[in-house]
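Since the structure comes first, as structure tokens, the remarks are kept for the end.
A note on names: the letters A, B, ... follow the listed sequences, proteins ahead of strands, and every chain is numbered from 1. Just so it is clear, the structure is predicted and the values come from calculations on it, not from any experiment.
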Amino acid sequence: MRECDVAAEELLAYLDGCLDGEREAYVAHHVKVCPVCQIRQAELEETKQLLKVSTPLPNDEIERSQLKAEILRNPHPPLPRRRRRPLLMVVLAVLLSLILLWPADSSANLQLGRVVRGVVAQVEKSLLGRREPPGDRISGVLFRDSQAFVPPAELPLGLRLSDRATPGLRRVESHYRSESGVEILVVQGPADQGLALGWRDVELVYVGDTEVLWLKDPRRGNVAGMVWERHGILFELLVLNAPQGNEGGLPLEETLLIVRHIIAAHDAASSE
Amino acid sequence: MNPPPRHGLDHDAIHSERRLSTASRSRDADTFNEFVDQYYAPLRRYLLRLTGDPELAADLTQEAFLKAYSRIEQLADDEAFRPWLYRIALNLARMEFRRRQRRRVLSLEWLIESVRGISHWLARPDDMVTVPTRDLVQQVLDELSPTLREALLLHRLAGFTSEEIARLLNISPEAARKRVTRAVQRFQALYHERAGAREE
């Protein structure tokens with residue numbers, strides 16, 4: 001096979017019509033005979049087709065009409081103006097530098113540092129509302145480690161509780177390990193807190209009457225995590241490690257066994 | 001071999017766009033609404049793929065046009081409307097992503113509803129392609145970094161040239177081409193890997 005001396009970026013420039021005459025002529029000739037460039041070109045075209053065919057232009061007539069009506073209703077909307085206050089910016093920058101650079105245990109008898117830190121404390125207080133010890137309220141009940149549901153010491157797949165922690169204000173974590181190398185984390189928090197989720201590939205499954213969100217592992221059919229709510233508590237089961245062979249994540253059936261087990265234990269504890 | 005297919009707008013469209021840009025700078029609502037007719041659907045489609053969320057895409061599209069209209073006087077004389085509009089939309093989308101990233105706290109109820117919403121959208125009977133294809137394309141797009149996803153969609157879906165993307169993203173044309181090339185390679189690799197896995 002001939003060596004290709006046209007980089008993928010240059011091929012793109014050519015296809016975009018961004019090359020000058022001489023180079024354009026060279027690449028045009030080269031593409032005719034170079035299998036590498038022909039494959040690249042085919043990939044570009046296939047990508048375009050996949051995106052376009054799988055994303056038809058939406059039927060947007062109603063939305064468009066509403067937008068046009070809005071524009072006609074308000075033909076002269078005020079221009080958003082950004083106020084520039086250079087002096088204020090300088091003052092803020094100086095204050096910020098003082099906050100960042102002032103030594104916390106400065107023995108210098110200067111008031112400014114205290115004033116600045118006092119202001120910062122006030123701002124923090126007003127922004128954050130409060131600084132409380134671990135624990136918070138759910139449905140009028142203080143949620144902390146002592147009041148979280150204590151999950152079973154043992155779970156299916158030979159998982160054993162190895163430690164428990166309360167790392168945040170509203171979060172209790174139980175860490176399980178098995179001899180075969182499976183590690184999971186069961187996190188509990190108040191249901192009104194919601195959950196931190198950056199997962200796009202999710203599916204809803206049911207365990208009994210409980211809706212469980214299956215956070216899919218990129219490997220087909222595997223589980224990266226499970227999320228469900230029960231009796232005001234939000235549970236997150238996160239797969240930290242899976243034995244080799246599963247290629248990351250746990251199989252769905254096995255994870256559902258664990259979830260079912262936790263739910264049953266939780267129900268039993270709640271009814272006591 | 002045929003001349004290379006060019007992206008972006010053809011000559012008539014460019015002429016029409018310049019005429020509209022000039023006219024709408026004077027805040028003529030009717031003229032601006034011609035832009036709405038021309039670019040609403042493509043922009044919404046672009047945002048749909050960028051965000052993966054049909055409702056968010058619709059909201060961002062409306063917001064982008066309203067913002068463009070309120071700031072139309074800021075459009076430079078030699079600047080085309082379309083890339084300017086996409087830049088506004090892209091900035092809005094990035095702001096939204098950042099806002100969500102900061103919060104990253106969604107109620108379970110909301111999440112379940114949104115999963116149902118997406119499933120419903122995926123299963124709409126008037127879709128031109130089968131659900132698995134659409135789903136797979138979005139899955140692959142979601143796996144790309146935001147930078148690569150933006151560049152890929154601007155080039156391969158919205159039809160901007162690498163030089164237009166460079167101006168739009170405020171980067172060099174070489175950097176834009178590098179991003180698009182890497183994005184296409186990554187998209188292709190992931191797509192075929194996932195598609196192969198599905199067929200097994």
If you compare all heavy atoms of B:Thr181 against all heavy atoms of A:Ala8, which two are closest, and at what distance to 0.1 Å? CG2-CB, 3.2 Å
Are A:Ser54 and B:Gln138 close enough, and set up right, to give a side chain to side chain contact (heavy atoms under 4.5 Å, CB included), and what steps lead you there? CA-CA 9 Å; A:Ser54 67; B:Gln138 191 63 50; over 6 Å; no
Quick check on B:Glu55: does its CD atom have over 12 non-hydrogen neighbours (other residues, nucleotides or ligands) under 6.0 Å away? no
List the steps, then state whether side chain to side chain contact (heavy atoms under 4.5 Å, CB included) holds for B:Asp37 with A:Lys68. CA-CA 9 Å; B:Asp37 283 332; A:Lys68 285 159 69 177; 2.8 Å; yes
To the nearest 0.5 Å, what is the distance between NE2 (B:His155) and CG (A:Asp16)? 3.5 Å
Spacing of A:Glu70 atom CD and B:Asn33 atom CG [to the nearest 0.5 Å]: 10.5 Å
So which residue, A:Glu63, A:Glu43, A:Arg40, ends up with the most heavy-atom pairs under 4.5 Å with chain B? A:Glu63
Using a 6.0 Å cut-off, check whether atom CZ of B:Arg87 has over 12 heavy atoms from anything other than its own residue. yes
Which one of B:Lys178, B:Arg177, B:Gln62, B:Glu163 has the most heavy-atom pairs closer than 4.5 Å to chain A? B:Arg177
Between B:Val180, B:Leu141, B:Val184, B:Val36, which shows the greatest number of heavy-atom pairs under 4.5 Å with chain A? B:Val36
B:Arg186, CZ atom: more than 12 neighbouring heavy atoms under 6.0 Å: no
Please find the pair of heavy atoms, one from B:Ala29 and one from A:Ile71, that lie closest to each other, and give the distance. CB-CG2, 3.9 Å
Looking only at side-chain N and O atoms, does B:Arg156 offer a donor or acceptor that is under 3.5 Å from a partner on A:Thr47? no
Honestly, the part of A:Glu46 sitting under 4.5 Å from a heavy atom of chain B is both
Residue part contacting chain A, namely of B:Gln188, when any heavy atom lies under 4.5 Å: side chain
More than 12 heavy atoms from other groups under 6.0 Å of NE2 on B:His192: yes
Interatomic spacing from CG in A:Leu67 to OH in B:Tyr40 - rounded to 0.5 Å: 6.0 Å
Straight-line distance of A:Leu50 CG to B:Leu157 CG, nearest 0.5 Å: 11.5 Å
A:Glu9 versus B:Ser162: any side-chain heavy-atom pair under 4.5 Å? no
Turns out that what part of B:Phe187 lies under 4.5 Å from chain A's heavy atoms comes down to side chain
When rounded to the nearest 0.5 angstrom, what is the spacing between OG1 in A:Thr55 and CG in B:Leu48? 6.5 Å
